[in-house]
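What follows is a single structure, written as structure tokens, with notes after it.
Chain A is the first sequence line, chain B the second, and so forth, proteins listed ahead of strands; every chain is numbered from 1. Below, each value reflects all heavy atoms present in this structure, side chains not excepted, and no hydrogens, waters or symmetry copies.
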Amino acid sequence: MPTKSSTQTLKVASWNINSVRARAEIVERFLTEHQPDVLCLQETKVVNDSFPEGLFRRLGYNHMMLNGQRMHHGVAIISKLPMRDEDRLDWQANGEARHIGVRLENGLRIENVYVPAGGDEPDRSVNPKFGQKLDFIQRMIDWSGRLDGSTLLLGDFNVAPLECDVWSHKQLLNVVSHTPVEVELLTALQNSHNWVDLGRRFVPAPERLYTWWSYRALDWAKSDRGRRLDHMWMSPDVATAAVGHQVIEGARSWTRPSDHAPLITEFAF
DNA sequence: ATGGTTGTAAAACAA
């Protein structure tokens, strides 16, 4: 992708923030402490007209691409670097704001996705939401197979694929996010473009690696019933540019937290 | 095994 001889570094973050307006304090803390160049958000829960742009501009993030809607869902990409608006795909064909794709000036595409959670019952005949989730991922597979160019695909995929991506493989086998049919589809998505799972490149299985802990636990850290629902995948042509990766687990303990922790990958091109 | 919490937005619904 980039052809310069000098090394160019880039720090990209992804965070399901569960309402960007409810998280003003902690998103500021995150940006101040970690200084990513690009922040991809999921579940912004705000229409574009009400997006808190001033908060981000004040912190030096002057470029924003928004795909929001009323009440639920919503994604955004916030950046210190200029970017071009590439696409906003609707893999459910129902108008839900779950994707935004941009291209940076160095040519890297960033595709930010919020896969549907899928409801409670892992059976599409009684729970249409589960079927919509499977169909959404299948349409991503069709899209991903045709993609070209250096691409970072990231976001809340709402699937924890590996046994070590959940606190108990056995107890979650029939829980939406870790069922075999979802895992099989997510694996097919990964294979469709030979995506490199950056999380597991830096924290290899079977090491513990979670990005989400339920609000319902009395003490999320003590019970540690986590799942790795959030992912960063790099196209194979530039995967070696990734030089570091972290899940900022501490953010789960900040005041009024999201139930997801932010992920950061650093690149050197 | 069930229930536990949060955000949106004004009663449930989605997660």
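- Side chains of Trp143(A) and Ser192(A): no donor on one and acceptor on the other come within 3.5 Å.
- The residue Arg252(A) sits apart from the nucleic acid: no heavy atom pair falls under 4.0 Å.
- Counted by atom type alone, Gln92(A) and Asp135(A) present zero donor-acceptor pairs between their side chains at under 3.5 Å.
- The residue among Pro257(A) and Tyr114(A) whose nearest nucleotide of DNA chain B lies closer to the 5′ end is Pro257(A).
- Shown are Asp87(A), Asp85(A), Asp237(A); of these, the salt bridge (charged side-chain N to carboxylate O under 4.0 Å, His left out) with Arg109(A) is made only by Asp87(A).
- Using the six-membered ring where Trp is involved, Trp213(A) and Tyr210(A) have ring planes that are perpendicular, over 60° apart on the 30 and 60° scheme.
- Ser177(A) and Arg227(A) share a donor-acceptor pair across their side chains, judged by distance under 3.5 Å alone.
- Using the six-membered ring where Trp is involved, Phe51(A) and Phe56(A) have ring planes that are parallel, under 30° apart on the 30 and 60° scheme.
- Spacing between dA11(B) and dG7(B) at atom C1', rounded to whole Å, works out to 14 Å.
- Look at the C1' atom in both dA14(B) and dA9(B): the space between them is 13 Å, to the nearest Å.
- Reading DNA chain B from its 5' end, the first and the last nucleotide to sit under 4.0 Å from a heavy atom of chain A are dG4(B) to dA15(B).
- Under 4.0 Å is where a charged nitrogen must lie from a carboxylate oxygen, and between Arg252(A) and Asp224(A) no such pair does.
- Between Gly119(A) and Ala22(A), the residue anchored nearer the 5' end of DNA chain B, judged by the nucleotide with its closest heavy atom, is Ala22(A).
- The same atom, P, is picked in dA10(B) and in dG4(B); the two are 25 Å apart, to the nearest Å.
- Between the side chain of Thr151(A) and the main chain of Leu153(A), no donor-acceptor pair closer than 3.5 Å is present.
- Of the residues in residues 157-165 of chain A, none lies under 4.0 Å from DNA chain B by heavy-atom distance.
- Side-chain atoms of Gln190(A) and Ser144(A) form no donor-acceptor pair, as typed in the model, at a separation below 3.5 Å.
- Nucleic acid contact for Arg225(A): none, since no nucleic acid atom lies under 4.0 Å from a heavy atom of the residue.
- Between dT8(B) and dG3(B), the two P atoms lie 26 Å apart (nearest whole Å).
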